Chemist: 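Once you've had a glance at the structure underneath, I'll fire off some questions.
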Amino acid sequence: MNKIIVIGASGQIGSDLTLELRNRYGNENVIASDIKNASDEVMSSGQFEVLDVLDEKKVFDTIKKNNVDTVYLLAAMLSGSAEKNPKKAWELNMKSLILMLDLVKDSLVKKLFWPSSIAVFGPTTPKINTPQLTIMEPSTVYGISKLAGERWCEYYFKKYNADVRSIRYPGLISYKTEAGGGTTDYAVEIFYEAIKHKKYECFLTENTALPMMFMPDAIKATIDLVEADPKNIKIRSSYNLSAISFSPKQLAIGITKHIPNFNISYKPDFRQQIAETWPESINDECAQKDWGWKYTYDLPKMIEIMLREIGKKLS
Ligand code: SER
């Protein structure tokens with residue numbers, strides 16, 4: 001039986017994705033790996049390998065030894081952290097992708113999933129209902145690395161028939177593992193602070209609307225795309241993907257419905273400039289048409305589940 005490996009299984013997406021993949025394909029068929037230990041749930045439900053994605057030999061050996069045929073490569077440095085460490089972000093985000101694309105090209109791996117982001121867009125991109133094909137002039141090092149990555153993915157597909165699939169994730173909201181170093185992280189932090197202290201100081205301004213998505217939708221989209229018939233995948237750079245779009249103020253109003261004395265204040269930092277270059281909403285008609293994408297969770301439902309689950313975690 002061939003296996004799946006999730007590289008970056010300790011991260012925000014990786015921890016949820018590993019558990020859902022194990023659920024679907026069996027614990028024994030999904031290897032989790034990361035440079036640091038993952039959550040207890042991930043560590044205890046199946047195989048875990050300590051892996052530095054830039055350690056070419058160890059990556060190769062782990063994949064070969066375990067008969068891995070599908071790789072989900074999630075290790076990356078996000079937008080905020082990348083601005084503080086541009087060269088390191090470029091090295092991590094690019095080298096890991098090229099290394100993996102070569103393994104697909106050389107047929108050691110059959111399928112690769114690699115995430116792109118709304119960060120591929122920039123200040124000159126149309127902000128509302130941003131199309132799949134549009135102006136892309138990202139101004140962050142994270143966005144530059146994701147856009148370059150998208151071009152490499154398409155190049156490897158066209159030139160070597162490498163089966164690589166990708167999604168431009170919006171900001172992701174989840175309760176299992178906190179995000180780290182991103183511009184959209186406020187939309188996760190706010191729930192912890194609302195429950196613990198009934199107040200939150202937001203690092204974006206109140207009307208900064210961004211495209212967002214609840215993690216179960218993102219996980220479903222990811223697995224649906226990886227399972228899709230290759231003939232339906234018309235885009236080999238990366239698919240636009242959309243669900244909900246909201247500003248910090250709209251999110252705070254939604255939280256107030258459950259925690260009436262919740263108070264939000266605003267103290268924008270360097271991430272405000274990043275957010276201002278990104279779209280407010282995304283057009284994902286291609287994903288809908290090609291592989292049947294449709295989101296499930298709207299803003300009120302997401303808020304309700306986040307407060308309930310984080311409430312349980314903190315109590
Ligand atoms: N959520 C990411 C970030 O804020 C965008 O892909 O960096």
Side-chain angles (χ1 to χ4, degrees), residues 1-9 11 13-14 16-18 20-26 29-33 49 51 53-54 56 58-76 92-117 120 132-133 145-169 217-241 284-293:
M1 173 88 197
N2 287 327
K3 286 194 181 161
I4 294 169
I5 191 165
V6 177
I7 300 177
I13 304 172
D16 273 275
L17 181 65
T18 302
E20 181 54 25
L21 289 169
R22 284 184 176 161
N23 204 12
R24 290 193 191 203
Y25 305 119
N29 294 318
V30 181
I31 303 162
S33 73
E49 298 282 339
L51 193 63
V53 70
L54 298 180
E56 215 171 317
K58 180 124 195 243
V59 170
F60 181 89
D61 290 347
T62 307
I63 287 176
K64 198 161 169 73
K65 187 178 79 200
N66 291 289
N67 256 327
V68 168
D69 77 342
T70 303
V71 176
Y72 290 81
L73 172 59
L74 302 171
L92 172 65
N93 296 1
M94 283 290 92
K95 252 197 184 169
S96 57
L97 173 61
I98 303 283
L99 195 161
M100 219 51 72
L101 282 169
D102 277 333
L103 297 185
V104 188
K105 172 182 160 234
D106 298 340
S107 303
L108 188 70
V109 169
K110 279 203 198 104
K111 246 188 233 181
L112 170 64
F113 175 84
W114 174 81
S116 185
S117 158
V120 291
Q132 175 71 41
L133 297 175
S145 75
K146 288 295 180 186
L147 181 55
E150 286 191 9
R151 303 322 305 152
W152 278 113
C153 289
E154 194 187 271
Y155 182 84
Y156 268 71
F157 173 73
K158 287 194 168 153
K159 187 130 183 163
Y160 309 115
N161 208 21
D163 191 352
V164 52
R165 304 168 183 213
S166 177
I167 282 171
R168 292 172 182 154
Y169 288 124
D217 272 334
I219 299 300
K220 182 179 183 301
T222 306
I223 299 176
D224 282 358
L225 175 62
V226 171
E227 283 185 347
D229 188 330
K231 75 175 186 313
N232 294 333
I233 304 174
K234 312 277 189 240
I235 293 169
R236 292 294 185 155
S237 51
S238 190
Y239 275 96
N240 272 12
L241 197 71
D284 65 0
E285 273 165 18
C286 295
Q288 293 179 33
K289 193 160 65 65
D290 292 356
W291 43 277
W293 161 246

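Fair warning: this is a prediction, and the values are worked out from it, not measured in the lab. Counting from 1, the numbers follow the sequence of the chain as shown.
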Chemist: Closest heavy-atom contact between Ala76 and Leu92?
Modeler: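 Taking every non-hydrogen atom into account, C-CD2, 3.8 Å.
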
Chemist: Treating Arg165 as the side-chain partner and Ala228 as the backbone partner, does any N or O pair qualify as donor plus acceptor under 3.5 Å?
Modeler: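 It does hold such a pair.
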
Chemist: With under 30° as parallel and over 60° as perpendicular, where do the rings of Tyr160 and Tyr155 fit, or are they tilted in between?
Modeler: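 Ring orientation of Tyr160 relative to Tyr155: perpendicular.
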
Chemist: For residues Ala75 and Val53, report the shortest heavy-atom separation together with the two atoms involved.
Modeler: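 For Ala75 and Val53, the tightest heavy-atom pair comes out as CB-CG1, 4.1 Å.
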
Chemist: Could you list the residues that satisfy side chain to side chain donor-acceptor pair (under 3.5 Å) with Asp69, not counting sequence neighbours?
Modeler: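 Checked Asp69 against side chain to side chain donor-acceptor pair (under 3.5 Å); zero matches.
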
Chemist: With a 4.5 Å limit on heavy-atom distance, are the side chains of Pro230 and Arg236 in contact?
Modeler: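 Yes, close enough: below the 4.5 Å cut-off.
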
Chemist: Testing the basics here: between Asp284 and Asn240, what is the closest heavy-atom pair and its distance to 0.1 Å?
Modeler: CB-O, 3.4 Å

Chemist: Are Tyr239 and Trp293 near enough that their ring centres are under 6.0 Å apart?
Modeler: no

Chemist: Nearest 0.5 Å, what's the CG-CG distance between Asp290 and Asp229?
Modeler: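 Asp290 atom CG to Asp229 atom CG measures 11.5 Å (nearest 0.5 Å).
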
Chemist: Atom CD of residue position Glu285 - does it have more than 12 heavy atoms of other residues, nucleotides or ligands inside 6.0 Å?
Modeler: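 Incorrect, the count does not exceed 12.
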
Chemist: For the atom pair CG (Leu225) and OG (Ser166), what is the distance rounded to the nearest 0.5 Å?
Modeler: 8.0 Å

Chemist: Can a side-chain donor-acceptor contact be found between Ser116 and Glu150 if the only test is distance below 3.5 angstrom?
Modeler: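 A pair is found: one side chain offers a donor N or O, the other an acceptor, under 3.5 Å apart.
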
Chemist: Would you check if Leu99 and Phe60 make a side-chain contact, meaning some heavy-atom pair closer than 4.5 Å?
Modeler: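 Counting from C-beta outward, Leu99 and Phe60 never come under 4.5 Å.
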
Chemist: Quick one, Leu101 with Trp152, criterion side chain to side chain contact (heavy atoms under 4.5 Å, CB included). Give me CA distance, side-chain angles, the key distance, then yes/no.
Modeler: CA-CA 8 Å; Leu101 282 169; Trp152 278 113; 3.9 Å; yes

Chemist: Does Asp61 come within less than 4.0 Å of Lys65, counting only side-chain N to carboxylate O?
Modeler: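 The answer is no: the pair does not qualify as a salt bridge.
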
Chemist: Can you tell whether the side chains of Glu56 and Lys95 come within less than 4.0 Å, N to carboxylate O?
Modeler: no

Chemist: Just wondering, do Arg168 and Lys146 contact through their side chains at under 4.5 Å, heavy atoms?
Modeler: no

Chemist: Quick check: closest heavy atoms across Leu74 and Pro115, and the distance to 0.1 Å?
Modeler: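 Scanning both residues, the minimum pair turns out to be CD2-CG, 3.8 Å.
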
Chemist: Ser238 vs Val120, test: side chain to side chain contact (heavy atoms under 4.5 Å, CB included). Steps then yes/no.
Modeler: CA-CA 10 Å; Ser238 190; Val120 291; over 6 Å; no

Chemist: Is the closest side-chain heavy-atom distance between Met100 and Val59 below 4.5 Å?
Modeler: yes

Chemist: Taking the side chain as every heavy atom from C-beta outward, state whether Thr62 and Ile5 have any atom pair closer than 4.5 Å.
Modeler: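 Of all side-chain heavy-atom pairs linking Ile5 with Thr62, at least one is under 4.5 Å.
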
Chemist: Look up atom OG in Ser117 and atom CG in Leu147, then write down how far apart they are to the nearest 0.5 Å.
Modeler: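 So the OG of Ser117 and the CG of Leu147 are separated by 11.0 Å.
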
Chemist: Could you work out, with side chain to side chain donor-acceptor pair (under 3.5 Å) as the rule, every residue matching Lys234, not counting sequence neighbours?
Modeler: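 In terms of side chain to side chain donor-acceptor pair (under 3.5 Å), with neighbours along the sequence ignored, Lys234 is linked to no residue.
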
Chemist: Mind listing the closest non-hydrogen atom pair of Thr18 and Ala32 along with its distance?
Modeler: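 That closest heavy-atom pairing would be CG2-CB, 3.9 Å.
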
Chemist: Go through the steps for Ile13 and Tyr72 under the test side chain to side chain contact (heavy atoms under 4.5 Å, CB included), then give the verdict.
Modeler: CA-CA 10 Å; Ile13 304 172; Tyr72 290 81; over 6 Å; no

Chemist: So do Lys220 and Glu20 actually touch side chain to side chain, heavy atoms under 4.5 Å?
Modeler: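 Glu20 does not reach Lys220 side chain to side chain.
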
Chemist: Using a 3.5 Å distance criterion without hydrogens, assess whether the side chain of Lys3 forms a donor-acceptor pair with backbone atoms of Ile31.
Modeler: no

Chemist: Report yes if some heavy atom in the side chain of Val68 is under 4.5 Å from a heavy atom in the side chain of Leu108; otherwise report no.
Modeler: no

Chemist: Kindly indicate, with the supporting measurements, whether the criterion side chain to side chain contact (heavy atoms under 4.5 Å, CB included) is fulfilled by Val71 and Trp114.
Modeler: CA-CA 8 Å; Val71 176; Trp114 174 81; over 6 Å; no

Chemist: How long is the gap from CZ on Phe113 to CD1 on Ile4, to the nearest 0.5 Å?
Modeler: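 Answer rounded to 0.5 Å: 13.0 Å.
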
Chemist: Can you sort out the partners of Tyr169 under side chain to side chain donor-acceptor pair (under 3.5 Å), two or more places apart, ordered by chain and number?
Modeler: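 By the side chain to side chain donor-acceptor pair (under 3.5 Å) rule, Tyr169 matches Thr222.
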
Chemist: Could you grab the distance from atom CD1 of Ile167 to atom CG of Asp224, nearest 0.5 Å is fine?
Modeler: 8.5 Å

Chemist: In Å and rounded to the nearest 0.5 Å, what is the CG to NZ distance from Asn232 to Lys289?
Modeler: 10.5 Å

Chemist: I want to check something: taking the side chain as every heavy atom from C-beta on, are Cys153 and Leu97 in contact at a cut-off of under 4.5 Å?
Modeler: yes

